[in-house]
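Notes to accompany the following structure.
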Amino acid sequence: MKTNRLIGFALVVVPFLVVLGARLAELSDMVACGAAVSVIVGLGVLLISRVTRSDRTLPMPFAPPRPTDIGAQAQTALQSDDPQFSSRTFIEQCEGLCSSMGSSSLDALHPHLSDGLFQRLKTQERFGAIPLSAFVGTKVSSTVITSYTVGNAWQQLTARVTLGASTHTQTCSLTFLRRRTAKTQTSRVASACPHCGAPLQLTATQRCSHCEAIVNSGEHDWVLCELSPGAHQLGRQSDVLDPEGVRLRDAALSSEELEDRAALTFWRWVEARRTGERARFQRVATEGMLELLDAFTAPQGDVSLGNVELRALRSGPAGDEAHVLLRWSDGTQAPRAHQTVFKLRRPTGLATPPTLGLSTSRCTRCLAAITDAESPGCEFCGASLHDAWCLHELEPFHSWAEGAVKLRRQVGSDWARSSTEAQREAALRVLASLAYADGSMSAVERERLEALGTSWGLPASLVQSCLESRQAPTPSLSRELALSLTHELAQLAMADGKIQPATRKRLEALAGGLGTQVELGRALVKLLSERQ
Ligand SMILES: [Zn+2]
Ligand SMILES: [Zn+2]
């Protein structure tokens with residue numbers, strides 16, 4: 001095609017040049033003739049190049065991007081830990097669930113849904129909507145796996161489902177989570193307990209009557225935790241601020257569970273604000289939140305919840321806090337978008353119960369499902385339902401973000417912005433080796449280094465391995481990072497109150513290796529004068 005055009009172009013231009021050249025030659029002015037010919041040839045070349053260039057950028061008929069089916073990739077990745085996993089079987093189960101969603105009651109679907117999602121559907125139903133109407137009277141025409149991730153605690157698969165016939169279709173994204181250690185059980189039928197395989201019969205506390213497993217925890221099988229129209233995909237955008245090292249103290253804590261719990265409190269908050277009834281809400285909210293319930297504008301009209309994302313973990317005298325960002329909308333005519341940080345609080349000294357998983361609406365002592373009873377405690381064991389993550393405060397995201405920027409600057413210093421993970425790891429090993437200089441690492445030193453490693457975004461397991469380093473590596477650092485590390489070394493050396501001779505010797509050797517002896521001297525003088 002391109003060659004044809006070029007030939008055609010040449011056929012038009014060449015005779016034209018020949019004729020023109022001949023006429024100019026008759027004027028016997030050879031110089032003018034040569035110049036004119038070269039100008040014309042140049043123009044011709046330019047024209048040709050323009051034609052060929054526009055050939056390359058010829059507009060293509062508009063084609064919408066196709067959903068990428070990465071089922072094969074997901075299968076390969078998941079099979080290394082779970083040889084029985086098959087993306088085909090997963091898709092069949094997903095389609096089976098879609099058809100149940102069109103025909104079953106919400107309570108019958110509950111064993112397959114996380115508590116956060118279940119609460120959302122219940123709340124929507126309570127306000128007169130048919131939450132799963134997209135699945136009623138229609139069939140799944142195709143399903144593709146569009147994403148999979150394997151995190152520290154959870155595996156996540158997202159499937160895009162197309163519903164309806166060719167003329168009238170709609171798509172829906174379904175996100176499933178499963179505990180990382182869970183394995184596919186090929187012999188199980190859909191209506192069986194995902195743990196023991198017995199026909200599923202639930203007790204009053206919503207557990208398998210045979211083995212007591214919590215069926216929608218995600219500990220044993222995939223649980224649906226997100227359901228959104230269209231091609232909406234959840235993506236983790238920012239890392240979690242954790243300056244006090246909450247995750248180091250509570251290894252079972254995971255963002256997925258906290259996000260599901262936050263979604264649960266959101267829907268109960270919506271209910272409480274719209275109906276004025278507080279009984280159900282007070283089972284997942286603190287006293288402080290109940291007092292401030294009316295301070296935040298009530299949602300109006302159609303409420304929908306988009307992305308839910310854990311952004312920070314804090315720890316203080318009153319307990320731990322999880323700051324979860326919720327993107328949601330409401331409105332009677334046009335939807336209004338909101339971004340609100342839901343602050344969940346948990347009393348001091350509590351850790352994540354290991355078997356609850358995504359069944360986030362449960363008593364943390366006896367693991368019974370939280371019912372709609374009005375008592376403030378669990379009606380099965382009497383424990384306070386506030387011994388769990390409860391909604392404590394709401395804050396608009398823009399004001400929260402201002403504080404977070406300051407905090408990030410404070411804790412991350414130069415490191416988070418300008419170093420590689422390998423540099424941060426080496427720096428933490430250098431610091432640990434200093435802590436061992438006097439024989440052993442004290443609790444104060446350990447706490448300090450754990451918090452530092454976490455604020456640098458190092459994985460908990462790596463932080464722990466760094467804290468075992470008695471030998472200092474020689475890190476390759478920029479001048480700024482070397483100075484910053486020297487300052488951390490000086491502060492660590494002073495953490496116990498006074499510097500032992502052995503520590504002093506190691507400190508000077510380390511600063512020598514970093515080329516920062518002079519700065520170390522200054523930092524120590526400054527720290528000593530601040531103490532007095
Ligand atoms: Zn069972
Ligand atoms: Zn209980």
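No experiment lies behind these values; they were computed from the predicted model shown. In listed order, ligands and their atoms are each counted from 1. Worth knowing before you read on, the calculation uses all heavy atoms, side chains too, and leaves out hydrogens, waters and symmetry mates.
For Trp267 and Trp328, the ring centers sit 6.0 Å or farther from each other.
Checked options Asp115, Leu367, Thr205; the residue passing with Ile214 is Leu367 (criterion: side chain to side chain contact (heavy atoms under 4.5 Å, CB included)). Exactly one of Ile370, Leu391, Leu117, Val284 qualifies for a side chain to side chain contact (heavy atoms under 4.5 Å, CB included) with Leu264. That residue is Val284.
Atom-to-atom distance recorded for Glu393:CD and Arg345:CZ is 7.5 Å, nearest 0.5 angstrom.
The distance from the Zn ion (ligand 1) to the nearest N/O/S atom of His210 is not under 2.8 Å. The Zn ion (ligand 1) has an N, O or S atom of Cys196 closer than 2.8 Å.
With the Zn ion (ligand 1) as the vertex, SG (Cys211) and SG (Cys193) define an angle of 110°, rounded to 10°. Rounded to 10°, the angle formed at the Zn ion (ligand 2) by SG of Cys378 and SG of Cys363 is 110°.
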